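Working notes, structure below.
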Amino acid sequence: MVATSHPLATAAGLEVLSAGGTAVDAAIAAVAVQAVVDPLMTGIGGDCFALYAPAGGAVRALNGSGRAPAAATVEAVKAALAGAPSEGGNAAAGAAGISAGVTEIPQTSPHAVTVPGAISAWCRLHADYGTLPLSRLFARAIRYAEEGFRVTPRVAMDWAAAQATVAGDAGAAALFLPEGRAPVAGEQRAQPLLAARYREIAETGAQAFYRGATAESMVGYLRSLGGLHTLEDFAEGMDGAEWVTPVSATYRGYEVHECPPNGQGLAALLILRILEGFDMAALDEVDRIHLQAEATKLAYHHRDALIADPAACPDVAERLLSEDVVAALRARIDMSRARPPVLWDEPEHKDTIYLCVVDEAGNAISFINSIFHGFGSGRLDPATGVLFHSRGASFRLAAGHPNAIGPRKRPMHTIIPGMVTQAGRVVMPFGVMGGHYQAAGHAAFLSGVIDRGLTVQAAIDAPRSFAFNGVLEVEPTIPAATRDALAARGHVLKVVTSPIGGAQAIRIAGGLLEGGSDSRKDGMALGY
């Protein structure tokens with residue numbers, strides 16, 4: 001079975017499974033297609049994380065996120081953003097007064113572009129667990145890129161919403177807004193240069209992206225925008241994807257696995273650990289949404305303060321998931337009113353695609369690939385057709401912060417695949433899309449399945465809410481009476497006009513696979 005958020009990606013994955021490919025083969029085929037047909041959500045210029053569970057084996061985590069250039073220091077980036085020279089100690093120092101007011105990296109800045117990690121991750125997965133050649137896995141993607149594809153309804157909606165991001169870049173606008181507007185559903189589009197990149201990668205592997213003519217073009221383009229990238233930065237990125245040990249926590253007899261920092265999976269585990277102290281199955285809708293909001297605020301407050309490149313936040317998982325910390329956070333929750341979050345050790349005071357696959361042998365993969373914002377940085381190298389992500393915008397420009405930008409450093413990531421096991425066996429690969437929502441979405445989805453006994457599809461389709469940046473966002477399917485009750489507890493509510501996130505999952509029960517794909521998106525789950 002394969003579950004993705006786009007029908008053509010699901011079809012590609014199912015075709016590969018039917019041809020005897022592994023779960024990894026199918027995932028690569030599916031994401032390659034989605035990078036073509038859903039270009040504002042994912043692409044080869046983005047990053048990737050995966051959880052892989054070989055049949056009967058332990059869950060492994062793959063970190064396919066890219067690193068900042070070697071020259072990227074807080075001082076250099078702030079100076080560059082302030083319009084001052086970024087090279088040379090004296091120049092950077094002279095810009096200190098100007099750059100003092102620079103507090104964040106803009107989405108469309110070249111400094112928001114770390115070396116893309118996706119192709120390194122795809123090739124690492126394929127080398128370790130793939131069986132079919134990359135030329136076979138990329139075949140559908142190449143055809144859609146060259147011959148064209150029809151734009152689906154949700155992709156059309158998102159394309160229109162994000163078109164301003166690419167309108168300011170000549171190469172991106174020419175490809176994605178050729179008539180000065182976003183396509184409507186049913187119109188045909190193509191990405192011929194992306195087909196050429198796929199053919200190169202299929203022939204020579206990751207080096208086709210990170211070294212040679214393609215890398216030279218990408219580096220030249222980024223440097224023309226003021227970026228600090230070098231050929232050495234890209235060359236080092238070729239082998240950047242690495243297998244790491246997942247972080248995990250128990251929830252009502254299940255083990256939930258997430259990728260460790262620099263991903264925000266730890267925040268999802270922290271929310272679940274907080275919720276486990278409450279009888280979620282017995283709560284009404286108002287109490288359940290309130291509790292999830294309060295737990296989310298606490299977890300995200302810690303995420304933003306502590307989670308970063310693993311070298312900058314050692315032992316953070318052990319600390320945050322410890323019994324004393326979780327108990328302290330639970331004690332801060334007042335079921336009668338919304339409260340501001342505080343760190344556990346400080347005094348009290350007043351667009352992304354996810355897919356999953358289970359193959360015939362029982363191997364399971366939970367896979368996520370993203371360019372962060374809709375259309376990422378909006379920057380496209382016109383010679384290679386590579387649209388770059390904006391993940392570096394997550395870095396802080398505060399020296400000493402764990403997530404401060406630094407040489408060859410990975411930023412905190414919002415994209416997180418999930419995997420559930422029980423008694424050492426895989427129960428469910430799952431994931432939630434939607435930027436910052438993902439950690440909260442993991443907890444809400446799992447609580448729906450485990451606490452409320454919902455089917456996978458029902459848990460995915462359930463009305464969503466998200467407490468973030470001082471606002472409780474709610475989908476309009478949450479009743480007005482519930483919204484009024486939440487407002488009475490002090491929540492600042494916003495009824496959103498666009499769906500909150502998306503999700504896919506495949507539950508394994510004996511010989512049965514139960515798949516779900518979010519009705520908020522265009523995709524589907526299919527098996528045989």
Side-chain angles (χ1 to χ4, degrees), residues 3-6 9 27 31 34 38 41-42 47-51 61 154 158 246-247 249 251 254 256-259 263-272 275 289 292-293 295-296 299-300 303 351-357 364-374 413-420 427-452 454-468 473-475 477 496 498-507 515-525:
T4 87
S5 58
H6 197 286
V31 73
Q34 198 140 5
D38 198 359
M41 289 292 177
T42 194
D47 282 347
C48 172
F49 289 85
L51 292 170
R154 176 59 195 269
D158 293 337
V247 290
Y251 188 73
Y254 294 90
V256 182
H257 304 263
E258 301 275 357
C259 291
Q264 67 165 334
L266 181 55
L269 298 180
L270 184 55
I271 296 171
L272 286 168
L275 296 183
I289 294 174
Q292 289 174 341
T296 295
Y300 278 51
R303 181 201 73 168
D351 188 86
T352 300
I353 69 96
Y354 169 82
L355 60 90
C356 50
V357 187
I365 187 166
S366 184
F367 186 102
I368 199 159
N369 205 97
S370 173
I371 54 174
F372 199 15
H373 299 93
H413 258 265
T414 58
I415 59 173
I416 49 173
M419 187 84 76
V420 180
V427 173
M428 184 169 61
F430 75 98
V432 175
M433 300 164 280
H436 290 287
Y437 173 69
Q438 291 177 51
H442 275 211
F445 167 75
L446 288 179
S447 180
V449 172
I450 296 171
D451 294 320
R452 300 167 62 196
L454 299 179
T455 65
V456 167
Q457 190 64 54
I460 288 173
D461 289 342
R464 290 184 178 143
S465 60
F466 180 37
F468 188 67
E473 296 182 342
V474 295
E475 291 184 330
T477 45
V496 296
S498 296
I500 298 176
Q504 275 80 233
I506 300 173
R507 182 157 58 180
S517 183
D518 207 312
S519 60
R520 297 170 179 83
K521 300 277 188 175
D522 296 317
M524 60 188 67

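A quick note: this is a predicted structure, and the numbers were derived from the prediction, not measured.
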Mark yes or no for whether S447, through its side chain, and A443, through its backbone, hold a donor-acceptor pair below 3.5 Å.
no
On a heavy-atom basis, which atom in T296 and which in A440 lie closest, and how many Å separate them?
OG1-CB, 3.8 Å
Which pair of non-hydrogen atoms, one from Q34 and one from A9, has the smallest distance, and what is that distance?
OE1-CB, 3.5 Å
Between atom CZ of R464 and atom CD1 of I289, what is the distance when rounded to the nearest 0.5 Å?
13.0 Å
Quick one: OG1 on T352 to CE on M41, what's the gap to the nearest 0.5 Å?
7.5 Å
Going by heavy atoms in the side chains, are K521 and D158 under 4.5 Å from each other?
yes
With a 4.5 Å limit on heavy-atom distance, are the side chains of H6 and I353 in contact?
no
Mind checking side chain to side chain contact (heavy atoms under 4.5 Å, CB included) for A61 and listing every partner two or more places apart, or none if nothing turns up?
L51, V244, P246, C259, P260
Main chain of I416, side chain of Q438: is a donor-acceptor contact present, judged purely on distance under 3.5 Å?
yes
Can you list every salt bridge (charged side-chain N to carboxylate O under 4.0 Å, His left out) pair that touches residues 435-449, not counting sequence neighbours?
none
Evaluate the criterion side chain to side chain contact (heavy atoms under 4.5 Å, CB included) for residue pair F367 and V357; output intermediate values, then yes/no.
CA-CA 8 Å; F367 186 102; V357 187; over 6 Å; no
Report yes if the side chains of V432 and Y437 come closer than 4.5 Å at any heavy-atom pair, otherwise no.
yes
Are the side chain of D461 and the backbone of S519 linked by a donor-acceptor contact shorter than 3.5 Å?
yes
Counting the benzene-type ring for Trp, do H413 and F372 have ring centres under 6.0 Å apart?
no
Measure the spacing between NE2 of H257 and CG of L269 and express it to the nearest 0.5 Å.
9.5 Å
Restricting to side chain to side chain donor-acceptor pair (under 3.5 Å), what partner residues turn up for R520, sequence neighbours left out?
E475, D518
Where T455 and R507 come nearest, the two heavy atoms and their spacing
CA-NH2, 4.0 Å
Whether the side chain of T42 engages the backbone of N369 through a donor-acceptor N/O pair (distance < 3.5 Å, no angle test) should be reported.
yes
Looking at every non-hydrogen atom in both residues, tell me the closest pair between A295 and L275 and how far apart they are.
CB-CD2, 4.0 Å
Do you know which two heavy atoms are closest between A268 and E258, and how far apart they sit?
CB-OE2, 3.6 Å
A side-chain contact here means heavy atoms from C-beta on lying under 4.5 Å apart; do R303 and T414 qualify?
yes
For the residue pair M433 and Q504, establish whether any side-chain heavy-atom pair is separated by less than 4.5 Å.
yes
Taking every non-hydrogen atom, the tightest pair across G516 and A3
O-CB, 3.8 Å
If you define the side chain from C-beta out and look only at heavy atoms, does anything of D38 sit under 4.5 Å from R154?
no
Is there a donor-acceptor pair closer than 3.5 Å between any side-chain N or O of S517 and the backbone N or O of S5?
no
Y354 side-chain N/O to F430 backbone N/O, donor-acceptor pair under 3.5 Å:
yes
Do I271 and Y300 have side chains that get closer than 4.5 Å, going by heavy atoms?
yes
Could you check if a side-chain atom of V420 sits within less than 4.5 angstrom of a side-chain atom of Y251, using non-hydrogen atoms only?
no
